[in-house]
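Positions are given from 1, in the same order as the sequence printed here. Remember, it's 1-based here, ligands and their atoms both numbered in the order they're listed.
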Amino acid sequence: MDAQLLHDWIDTQRWFGGKGRPWHVAGVEQLAELRGDPSPVRLVVVSLEYDEVDLDAAGGQRRQQEAYQVLASLRPEPAEHLGHVLIGESDVDGRHYWVYDGLHDKEATPLLLDLLKQGGTSGTVSATALAGVARVPDAASTTVLGGEQSNTSLVFGGVGILKAFRKLAPGVNPDIEVHEALARVGCAEIATPYAHLAGRWHVDGVEVEGDLGMMQEFLSGASGGWELAMVSVRDLFAEADLHADEVGGDFAAESCRLGEATAKVHAALAEALPTQSWGSAQLQAVADGMLGRLREAVRQVPALEPHADALARKYAALAERTDPVLAQRIHGDYHLGQVMRTAQGWRLLDFEGEPAKGLDERRRPDSTIRDVAGMLRSFDYAARFQLMDRPRDPQLEYRADEWAERNRSAFCDGYAAASGRDPRDDGDLICAYEADKAVYELIYEARNRPGWIRIPLGAIERLAAPATA
Ligand SMILES: Nc1ncnc2c1ncn2[C@@H]1O[C@H](COP(=O)(O)OP(=O)(O)O)[C@@H](O)[C@H]1O
Ligand SMILES: O=P(O)(O)O[C@H]1O[C@H](CO)[C@@H](O[C@H]2O[C@H](CO)[C@@H](O)[C@H](O)[C@H]2O)[C@H](O)[C@H]1O
């Protein structure tokens, strides 16, 4: 397939993380042909290389490489209904095709479903079917989820959802690993995993193996945590003379239940996967990592500079802690967009960890306080998001503070009730992890949504301010 065509298409996709940096296609490798003539469907890995040269630890020059998954649906005739997902026209194996993004092609996606349901292999792709996949109907209709996603998710027959990973990495994908481990210990606060896909491709001439996708139970009728929080804040702003606990859409009881569900998942993770006890050396390493991210963020967002010393002191306090910290597998990128409320309770989604981190780092044990801090930051985001496009209004800002505080506190209450340990008792940890998350968000917003930078910057100003008696 034509490399320039793939380049120009990938460069415009929401799931492509390298926008704005020059890069080129280094190779296109076919892993499997799911259907042959006359309209082949091929699962390919596009390897790309960034043009800028980095220095590696030994001072050598190297270029960063990445691999992306594409399901290419090759049609000998143009398909008008797929015009919005056309990759382009290309000559392949001596024939002319219109090439489409097969994950959006309802004639191509059933081939993936068949493979997932049957298990077994096709080319270098292997499918592992788990118990629940039998519930997905054979002739399932497919819907592609819209929205801001780092991957592409397909809903089959309203019963199963397949997340096809776009950016691939050799090794075990944490989302699959964690879902399987949690299902094994009977954790109820997740969507049951149904099947997964792995494949083999080459990096620098060496064959590697990695995960391509996971199918799990589709939580039908569930509502997203972020959307529910938005409704609650909207109701509060509509009656700004009332307190957060007086309006109909009060969210505190849900936040408390979310805290409980979070604590249960943390307990299940500690049961299912290895844990560590961190002493001062490990805490120093964590503080160093946070400091490194802070320095990088100051380089990218100069408005952070005046607060950098104060944040660095919070990280130093973490390293001075004398009590050991239990480290275990955690969610890693926890926020209101990663949880859904079903009729039975909250469910946690997407255990992939922070997309910007490498796979090894994402699989490393960490303090559960990283997740708690992530969700506390998310309550702050939810409270302030609807103030973004309005003229400044001190009354609404006051209400937003109140909403954030009420729900942050309810979440910690729920977490404490279910775990027997109140996260607020670990003030030094919470403070350092919350600051680190806000710094991550600052970089994320600068790259993706510059208009939102005020939210994490405001949090950093508050966290950096000297404590008042
Ligand atoms: N099991 C599920 N049931 C219903 N909806 C889901 C399920 N998993 C994910 N979703 C929906 O898809 C969105 C993106 O899923 P997520 O796993 O976070 O993907 P990504 O890693 O691409 O961000 C979620 O916010 C949710 O709306
Ligand atoms: O869900 P992803 O794994 O893609 O996470 C990334 O994008 C999130 C935004 O969609 C980002 O979350 C930040 O914005 C949220 C509101 O949109 C807010 O609830 C979160 O608290 C805030 O961190 C996330 O950080 C990023 O990794």
Side-chain angles (χ1 to χ4, degrees), residues 13-17 69 103 132 136 143-167 173-176 178-179 183 189-194 211 213-230 233 258 293 331-342 344 346-357 362 370-386 388 404 407-408 411 433-434 436-449 451-456 459:
Q13 300 304 300
R14 147 73 169 126
W15 40 260
F16 176 54
Q69 172 177 199
L103 291 176
V136 184
T143 319
V144 184
L145 281 192
E148 299 275 287
Q149 270 198 267
S150 345
N151 299 293
T152 299
S153 294
L154 307 177
V155 181
F156 285 102
V159 179
I161 175 167
L162 167 68
K163 175 152 83 170
F165 304 132
R166 287 296 192 167
K167 185 171 163 186
N173 182 286
D175 207 13
I176 297 180
V178 168
H179 269 98
E189 286 76 22
I190 54 164
T192 310
Y194 281 174
D211 290 311
M214 175 179 68
M215 179 183 265
Q216 64 179 164
E217 167 194 12
F218 180 68
L219 301 171
S220 103
S223 307
W226 174 259
E227 286 72 28
L228 289 173
M230 284 302 101
V233 176
L258 181 58
R293 173 133 90 181
H331 184 282
D333 186 23
Y334 201 42
H335 57 81
L336 283 162
Q338 309 278 38
V339 292
M340 295 192 89
R341 177 71 162 90
T342 70
Q344 289 74 39
W346 286 100
R347 300 288 179 264
L348 277 58
L349 304 171
D350 191 5
F351 288 83
E352 268 195 286
E354 263 178 30
K357 286 184 178 163
R362 289 193 260 145
R370 188 180 289 284
D371 285 346
V372 171
M375 194 53 80
L376 296 183
R377 289 285 318 117
S378 206
F379 285 120
D380 184 52
Y381 256 81
R384 288 166 216 285
F385 167 65
Q386 292 175 53
M388 289 287 99
N407 288 286
R408 285 161 59 97
F411 177 82
Y433 275 105
E434 231 192 302
D436 184 53
K437 179 74 180 185
V439 167
Y440 165 79
E441 290 167 345
L442 203 62
I443 302 177
Y444 180 86
E445 301 303 0
R447 283 186 189 153
N448 296 288
R449 306 181 293 201
W452 292 45
I453 253 184
R454 266 201 293 144
I455 299 181

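Only the side chain of Lys163 comes within contact range of ligand 1, with a heavy atom under 4.0 Å; no backbone atom does. Contacts between Gln338 and ligand 2 below 4.0 angstrom, taking non-hydrogen atoms only, involve the side chain exclusively. Here Arg449 has side-chain heavy atoms under 4.0 Å from ligand 2, and that is the only part of it that gets that close.
Remark: Lys357 engages Arg293, Glu354, Glu361, Arg362, Arg370 in a side-chain contact (heavy atoms from CB on, under 4.5 Å) (not counting sequence neighbours). Scored by the side chain to side chain donor-acceptor pair (under 3.5 Å) test, Asn151 finds Glu352 as partners (sequence neighbours excluded).
In this structure, Gly337 has no heavy atom closer than 4.0 Å to ligand 2. Residue contacts with ligand 2: Phe385 is excluded, as none of its non-hydrogen atoms falls under 4.0 Å.
You'll find the side chain of Glu441 stays beyond 4.5 Å of the side chain of Ile455, heavy atoms only. Lys167 places none of its side-chain heavy atoms less than 4.5 Å from the side chain of Trp15.
Distances below 4.0 Å separate heavy atoms of Ala191 from the following atoms of ligand 1: 1 (N). Taking every heavy atom of Asn151 and a limit of under 4.0 angstrom, the matching atoms of ligand 1 come to 20 (P), 21 (O), 22 (O). Numbered from 1 in the order shown, with element, the atoms of ligand 1 that lie under 4.0 Å from a heavy atom of Leu145 read 11 (C), 12 (O). Interface of Glu352 with ligand 1, defined as ligand atoms under 4.0 Å from a residue heavy atom, comprises 21 (O). Contact atoms of ligand 2 toward Ser150: 4 (O) (distance under 4.0 Å to a heavy atom of the residue). Taking a cut-off of under 4.0 Å to the non-hydrogen atoms of Ile161, the atoms of ligand 1 that pass are 1 (N), 2 (C), 6 (C), 7 (C), 8 (N), 9 (C), 10 (N). Short contacts between ligand 1 and Gln338, defined as distances under 4.0 Å to a heavy atom of the residue, involve ligand atoms 18 (O). For ligand 1 and Gly337, the ligand atoms under 4.0 Å from any heavy atom of the residue are 25 (O). Of all atoms in ligand 1, numbered sequentially from 1 with element shown, those under 4.0 Å from a heavy atom of Gln216 are 1 (N), 8 (N).
Put simply, the residue from Leu349, Leu228, Leu258 that forms a side-chain contact (heavy atoms from CB on, under 4.5 Å) with Val339 is Leu258.
For ligand 1, the polar-atom distance check against Met340 finds no nitrogen or oxygen pair separated by under 3.5 Å. The shortest N or O to N or O distance between Tyr444 and ligand 2 is under 3.5 Å. For ligand 2, the polar-atom distance check against Tyr440 finds a nitrogen or oxygen pair separated by under 3.5 Å. On a distance-only criterion, Ser153 and ligand 1 share no N/O pair closer than 3.5 Å. Looking at Trp226 next to ligand 2, no N or O pair under 3.5 Å apart turns up. Backbone and side-chain nitrogen or oxygen atoms of Glu441 are examined, and one is located within less than 3.5 angstrom of a nitrogen or oxygen of ligand 2. Considering backbone and side-chain N/O of Tyr381, none are found under 3.5 Å from N/O of ligand 2.
The main-chain N or O of Leu145 is never found under 3.5 Å from a side-chain atom of Ser153 such that the two would form a donor-acceptor pair.
Among Ala229, Pro456, Ser378, the residue whose heavy atom lies closest to atom 19 (O) of ligand 2 is Ser378. In the candidate list Asp350, Leu219, Leu336, Ile190, Asp350 is nearest to atom 16 (P) of ligand 1, counting heavy atoms. By heavy-atom distance, the residue among Asp333, Asp350, Leu376 lying nearest atom 5 (O) of ligand 2 is Asp333.
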Steps toward side chain to side chain contact (heavy atoms under 4.5 Å, CB included) verdict (Tyr194, Val136)
CA-CA 9 Å; Tyr194 281 174; Val136 184; 4.1 Å; yes
Worked check of side chain to side chain contact (heavy atoms under 4.5 Å, CB included) between Lys437 and Asp333
CA-CA 9 Å; Lys437 179 74 180 185; Asp333 186 23; 3.3 Å; yes
Evaluate side chain to side chain contact (heavy atoms under 4.5 Å, CB included) for Thr192 paired with Gln216, printing each intermediate quantity in order.
CA-CA 6 Å; Thr192 310; Gln216 64 179 164; over 6 Å; no
Test Arg166 against Thr152 for side chain to side chain donor-acceptor pair (under 3.5 Å), laying out the working first.
CA-CA 7 Å; Arg166 287 296 192 167; Thr152 299; 2.9 Å; yes
Let me see the working for Glu434 and Arg408 under salt bridge (Lys or Arg N to Asp or Glu O under 4.0 Å), right down to the final yes or no.
CA-CA 12 Å; Glu434 231 192 302; Arg408 285 161 59 97; 3.0 Å; yes
Between Met230 and Gln386, does the side chain to side chain contact (heavy atoms under 4.5 Å, CB included) criterion hold? Intermediate values first, please.
CA-CA 8 Å; Met230 284 302 101; Gln386 292 175 53; 3.4 Å; yes
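Ring pair Tyr381/Trp452 is tilted by interplanar angle, where 30° to 60° counts as tilted.
A salt bridge links Asp350 with Lys163: the closest approach of a Lys/Arg side-chain nitrogen to an acidic carboxylate oxygen falls below 4.0 angstrom.
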